[in-house]
Amino acid sequence: MAEAAGDAGPGPAAAQEGAELAAVIGATVPTGFEQTAAEEVQEKLGSASRISRDRGKIYFEVPARSLSQVHRLRSVDNLFVVVQEFKDYQFKENKEDALKDLEDLVKKLPWTDPLKVWELNNSLKKKKTKRKKHNPQSPASREKLSDGGEEGGADQNNTHDPEDCAQTPVSVEPTGGQDTENPQGVTSRNGVEEEEEDNEQSGVKAEVQASSESGTKAGDAHAGEGEAKVLRFRVTCNRAGDKHSFTSNEAARDFGGAVQEHFQWKADMTNFDVEVLLNIHNNEVVVGIALTEESLHRRNITHFGPTTLRSTLAYGMLRLCDPQPTDIIVDPMCGTGAIPIEGAAEWPYCYHIAGDNSPQAVKRAANNICSLLRKNESKDSSTALGVPLDIIQWDICNLPLRTGSVDIVVTDMPFGKRIGSKKKNWDLYPACLMEMGRICTPGTGRAVLLTQDKKCFAKALSRVGHIWRRAQTVWVNVGGLHAAVYLLRRTWERAEEGKSFW
């Protein structure tokens, strides 16, 4: 087996005598914004990050006492502690041999420190829950909106909502067209590089459970670090690459069986205490233990719309335009308010204005702002302040704002799929860019715009090239769609007033 393991990468820092417990943390981030996340980690935690070859992931080392700060990062979706990483794992060609190697690996992994980190993380979560109990959930977070009841309060306990399953693994290949909702391996329709990807979170576990309903007595020294309770676990395998002889189902099943045998834990696919992660990307293998039950991107939103933007992606977009104190930041197509709410939370010294032409969207955004206010109050009622954010219903092509009065425009433009249509975008995009150019300060104004309708956007931009210059493009993955975030800079050219453009 020694040759099968390949080169082991940096596992968690070895616990020397009396040394402080450290952890290598893995974080999933919005694809395309890995560098942004790395910068935030450096800024807030003082740790250097390594960006994974498997897009949408970064790794950094922190002392375990900084865990609570790690959970406060704005750019990360899910967190896990790395048990061990293998940079160049040599998989056997024969399926049985390859799976046997994975089984044998379980006994050789340095589980002790990562499990201590997991326990510490659990104690942080318990403290948070106790605080929540002192502030009973307000009725507003449970209320159904009267706009047809499409959106109610978010289900905080739903770990496997379709969005999460679609979002987490899609960052495997920037150009692959993996259909991640299919639990079996799906070959990308890339045409250039046929890459197969598996993400299995349910079927596998049924099989693991079947193979592990045997003795589940506590007794292994590793098990609960002295606790009498038998821990329940599941294994989630994410696999990408076309050189593997096995599926993610098979890897999770066999690896999970070995974990169960090693720790004498009980397999449970829904009510688990420990989620063991097995991430396989070509020859890179990372074993980890999950530290988040649901993605951190759900932190701000209680009332979801049909195309609610992830808070982590909103943060990345805002950071791209480098907001300065006193900047006026406008989201003219705010939907449920993900961008301005993230902006007000992270850049409170700017003034944020949100608007949408849809009354339902404005209502949802207003409800989300109310939830944020209540959250601020519950933290410390003596210092609770309002948020520098207003929401208005308006027409994107005729904004009630003075010419040159806005510093930054940040918005998620209609993709023309769930909302609007590609045909409508051909008229809407140039009109939007023109109106955004009018309200933005010449010379210093900037815009960060997300769209999947890249062809239409390029055409619209060429029509307003005298007022907007493209400075940067970040390719991102939004719910399986390959989209782009454009950073535009306002030229010194005076924008035409009124409707003369038309």
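Note that the numbering runs from 1 along the sequence shown for the chain.
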Test side-chain contact (heavy atoms from CB on, under 4.5 Å) applied to Ile289 and Leu277, step by step: CA-CA 6 Å; Ile289 300 170; Leu277 305 173; over 6 Å; no
Chi angles and distances behind the side-chain contact (heavy atoms from CB on, under 4.5 Å) call for Leu320, Val485: CA-CA 9 Å; Leu320 205 55; Val485 173; 3.8 Å; yes
Ring centroid separation Trp347 to Tyr315 under 6.0 Å: yes
Can you confirm whether the side chains of [X] and [Y] place a donor and an acceptor under 3.5 Å from each other?
X: Thr36; Y: Arg319; result: no
X: Asp77; Y: Thr28; result: no
X: Asn279; Y: Asn238; result: yes

Would the distance check show the side chain of [X] and the main-chain N or O of [Y] forming a donor-acceptor pair, the cut-off being under 3.5 Å?
X: Ser52; Y: Arg55; value: no
X: Arg65; Y: Ser68; value: no
X: Thr491; Y: His466; value: yes
X: Glu435; Y: Leu399; value: yes
X: Glu39; Y: Ala37; value: no
X: Glu275; Y: Arg234; value: no

Is the closest side-chain heavy-atom distance between [X] and [Y] below 4.5 Å?
X: Arg463; Y: Met434; answer: no
X: Asp331; Y: Ile353; answer: no
X: Trp118; Y: Val274; answer: yes
X: Ile339; Y: Leu318; answer: yes
X: Ile328; Y: Cys350; answer: no
X: Thr312; Y: Leu73; answer: no
X: Leu487; Y: Arg470; answer: no
X: Thr336; Y: Asn368; answer: yes

Lys459 bridged to Asp453 by N-O distance under 4.0 Å: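 Between Asp453 and Lys459 there is no salt bridge, as every charged N stays at least 4.0 Å from the carboxylate O atoms.
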Lys57 bridged to Glu284 by N-O distance under 4.0 Å: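 Here Lys57 does not pair with Glu284 in a salt bridge, since their nearest N and O are not under 4.0 Å apart.
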Shortest non-hydrogen contact between [X] and [Y], atoms and distance:
X: Ile391; Y: Ala365; answer: CD1-CB, 3.2 Å
X: Leu433; Y: Trp468; answer: O-NE1, 2.9 Å
X: Phe60; Y: Ala48; answer: CB-O, 3.6 Å
X: Val478; Y: Ala483; answer: CG2-CB, 4.0 Å
X: Pro400; Y: Trp394; answer: CD-CE3, 3.5 Å
X: Trp492; Y: Gly443; answer: CE2-CA, 3.4 Å

With rounding to the nearest 0.5 angstrom, report the [atom1] to [atom2] distance, [X] to [Y].
X: His71; Y: Leu124; atom1: NE2; atom2: CG; answer: 6.5 Å
X: Asn121; Y: Thr292; atom1: CG; atom2: OG1; answer: 8.0 Å
X: Tyr59; Y: Ser47; atom1: OH; atom2: OG; answer: 16.0 Å
X: Arg402; Y: Arg438; atom1: CZ; atom2: CZ; answer: 10.5 Å
X: Ile329; Y: Gln324; atom1: CD1; atom2: CD; answer: 9.5 Å
X: Cys432; Y: Met413; atom1: SG; atom2: CE; answer: 4.5 Å

Summary of salt bridge (charged side-chain N to carboxylate O under 4.0 Å, His left out) pairs that have at least one residue in residues 343-352, sequence neighbours excluded: Lys44-Glu346, Arg74-Glu346
Audit row: Val409, Ile439, side-chain contact (heavy atoms from CB on, under 4.5 Å) steps and yes/no: CA-CA 9 Å; Val409 174; Ile439 64 169; 4.1 Å; yes
Working for side-chain contact (heavy atoms from CB on, under 4.5 Å), residues Asp356 and Gln393: CA-CA 5 Å; Asp356 205 286; Gln393 188 179 339; over 6 Å; no
Matching residue for Arg446 among Asp327, Asp407, Asp322 - test: salt bridge (charged side-chain N to carboxylate O under 4.0 Å, His left out): Asp327
Side chain to side chain contact (heavy atoms under 4.5 Å, CB included) against Ala344, all qualifying residues, sequence neighbours excluded: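 So Ala344 forms a side chain to side chain contact (heavy atoms under 4.5 Å, CB included) with His352, Val387, Pro388, Leu389.
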All side chain to side chain contact (heavy atoms under 4.5 Å, CB included) counterparts of Ala484, not counting sequence neighbours: Lys454, Thr473, Trp475, Tyr486
Result of checking Val448, Leu461, Val464 against Leu488 for side-chain contact (heavy atoms from CB on, under 4.5 Å): Leu461
